[in-house]
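Below is one structure, written out as structure tokens; the observations come after it.
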Amino acid sequence: MASSMLSLGSTYLLPREISKDKLKLGTSGSNPFLKAKSISRVTMTVAVKPSRFEGITMAPPDPILGVSEAFKADTNEMKLNLGVGAYRTEELQPYVLNVVKKAENLMLERGDNKEYLPIEGLAAFNKATAELLFGAGHPVIKEQRVATIQGLSGTGSLRLAAALIERYFPGAKVVISSPTWGNHKNIFNDAKVPWSEYRYYDPKTIGLDFEGMIADIKEAPEGSFILLHGCAHNPTGIDPTPEQWVKIADVIQEKNHIPFFDVAYQGFASGSLDEDAASVRLFAERGMEFFVAQSYSKNLGLYAERIGAINVVCSSADAATRVKSQLKRIARPMYSNPPVHGARIVANVVGDATMFGEWKAEMEMMAGRIKTVRQELYDSLVSKDKSGKDWSFILKQIGMFSFTGLNKAQSDNMTNKWHVYMTKDGRISLAGLSLAKCEYLADAIIDSYHNVS
Ligand code: PLA
């Protein structure tokens, strides 16, 4: 009984971890129950021993995912979670796409097995994902110039690319937009890839600082990696125009830089998969070599399935084969091979004309709902705020976020006074907003903007 393993709550100690002296404490006679009691006291003595992890300090909560934790702990009934970019229905419930349920039912009926995938992932997924990005029949695909491997969603795919950069481009810098998605910096820091920033957001115009962006990309050391958001820039919701994209491609080419696209919202920004891939395709048409990380978290609502890919467009099929072999070599010791479920969903949906059509319709519906609440929020702000402030920037932004321009103190007020949970950079996820809550949110924004500095 108690002699093989001692338990105190969820703490288990093996007998050899308890010293003989301590075992003697309080032991009386041979009554096994008394022994057990004293042993549990011994366990407590052992539990207060200084930890080997004393030097590990408490990590701060994640600036985005930590917001959801704080939201859960709030008991106020008006609370609103506009932190993480996750799509909600008008009833503010999570949404599983009907086409995903359909694909899952098919997979269950077919009795697909759970064997390991190859290191590079599911072949049908890798084919489908590259075709969605570049368009089926694109020369980069026909000429087998893309090295595609399945990754652990957008984040894991970015991390694989970062590891490849660290290994094969030592000292090269990744230049990222200011601001950017918070996790980009963590990814490159952890991969030991140096990074710097290019200007992107102009707080005066609440728009793109295009001149600054071009100047900083020009300034970056030749051969830098330029991280670009393919569509629906996070957190600003401000994208370059098609004409500006051409100029960005020009300067990147001039400086021999390597573009690195993060495409986390294909189809989710405009409602069209092709339109949202226009920036990436522009670079592909120019015959450039570049990286593209993809995610199916938002456009197929597969957040927890961790499904995405890293694509490296190369100038020859031979280079692509070698790059792919090295991406596999990086993946193998990290996580061996990727999970199959999400990959099968994507491959089934894209591979079946009916389901593909259904997906596009649901994607349009989701993108449409976000556009509707964006308009409603703007209308509420304009009708309630008598100060004459121009709120039209909200309508100019695209994608699931609005960058409100609220500073940290104002964002804190949104949360502390109004129970509106958002990131401290002033970003709100419109995908977590309902029409019914727009007026309340407008009141919160107006109060925070005018009464907190
Ligand atoms: N790239 C960008 C630009 C993103 O916004 C996100 C997700 C990702 C990559 C990675 O997503 P994935 O790993 O799930 O594919 N950004 C979210 C969630 C939606 C997050 O922070 O993890 C956000 O709220 O910003």
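As the structure lists them, so they are numbered: ligands from 1, and atoms in each ligand from 1. We number each residue from 1, following the sequence as shown. Every heavy atom of this structure was used, including side-chain atoms; hydrogens, water molecules and symmetry mates were not.
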- Query: Quick one: which of Ser68, Ala232, Ala264, Ser297 has a heavy atom closest to atom 14 (O) of ligand 1?
  - Reply: Ser297
- Message: Here's one to test your reading of the geometry: is the NZ or CZ of Arg369 within 45 degrees of the ring axis of Tyr87 and under 6.0 Å from its centre?
- Response: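 Yes - Arg369 lies over the ring of Tyr87, closer than 6.0 Å to its centre and within 45° of its axis.
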- So, is the end of the Lys389 side chain (NZ or CZ) under 6.0 Å from the ring centre of Tyr449 and within 45° of the ring's axis? yes
List the closest protein heavy-atom neighbour of [atom]: residue, atom name, distance to the nearest 0.1 Å.
{"atom": "atom 11 (O) of ligand 1", "value": "Lys298 NZ, 3.4 Å"}
{"atom": "atom 16 (N) of ligand 1", "value": "Trp181 NE1, 3.3 Å"}
{"atom": "atom 12 (P) of ligand 1", "value": "Ser153 OG, 3.3 Å"}
{"atom": "atom 13 (O) of ligand 1", "value": "Thr155 OG1, 2.6 Å"}
{"atom": "atom 18 (C) of ligand 1", "value": "Val84 CG2, 3.9 Å"}
{"atom": "atom 3 (C) of ligand 1", "value": "Asp262 OD2, 3.3 Å"}
{"atom": "atom 4 (C) of ligand 1", "value": "Tyr265 OH, 3.5 Å"}

Could you establish whether [X] and ligand 1 come within less than 4.0 Å of each other, counting only heavy atoms on the residue side?
{"X": "Arg427", "answer": "yes"}
{"X": "Tyr296", "answer": "no"}
{"X": "Met400", "answer": "no"}

- Message: Under 3.5 Å between any N/O of Gly154 and any N/O of ligand 1: does that happen in this structure?
- Response: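 N/O-N/O distance under 3.5 Å: yes.
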- Task: Answer yes or no: does an N/O atom from Arg306 fall short of 3.5 Å to an N/O atom of ligand 1?
- Result: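 By distance alone, the answer is yes.
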- Query: Any donor and acceptor pair, going by atom type alone, linking the side chain of Gln410 with main-chain N or O of Ile445 inside 3.5 Å?
  - Reply: no
- Message: Would the distance check show the side chain of Asn183 and the main-chain N or O of Asn186 forming a donor-acceptor pair, the cut-off being under 3.5 Å?
- Response: no
- Message: Taking Asp447 first and then Lys417, would you say they form a salt bridge - that is, a charged N and a carboxylate O separated by under 4.0 Å?
- Response: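 Yes, this pair counts.
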- Query: Should Lys127 and Glu131 count as an ion pair when the cut-off is N to O under 4.0 Å?
  - Reply: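 Here Lys127 pairs with Glu131 in a salt bridge, since their nearest N and O are under 4.0 Å apart.
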- Taking only non-hydrogen atoms of Ser295 and a 4.0 Å limit, the atoms of ligand 1 in range are 12 (P), 15 (O)
- Item | Residue list, ring-ring contact (aromatic ring centres under 6.0 Å, His included) with His257, at least two apart or on another chain |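 His257: no ring-ring contact (aromatic ring centres under 6.0 Å, His included) contacts found.
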- Query: Have Thr180 and His233 got a donor and an acceptor in their side chains that come within less than 3.5 Å?
  - Reply: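 No, because no side-chain N or O of Thr180 sits under 3.5 Å from a partner of the opposite role on His233.
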- Sequence neighbours excluded, which residues qualify as side chain to side chain donor-acceptor pair (under 3.5 Å) partners of Glu109?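 For Glu109 there are no side chain to side chain donor-acceptor pair (under 3.5 Å) partners, ignoring immediate neighbours.
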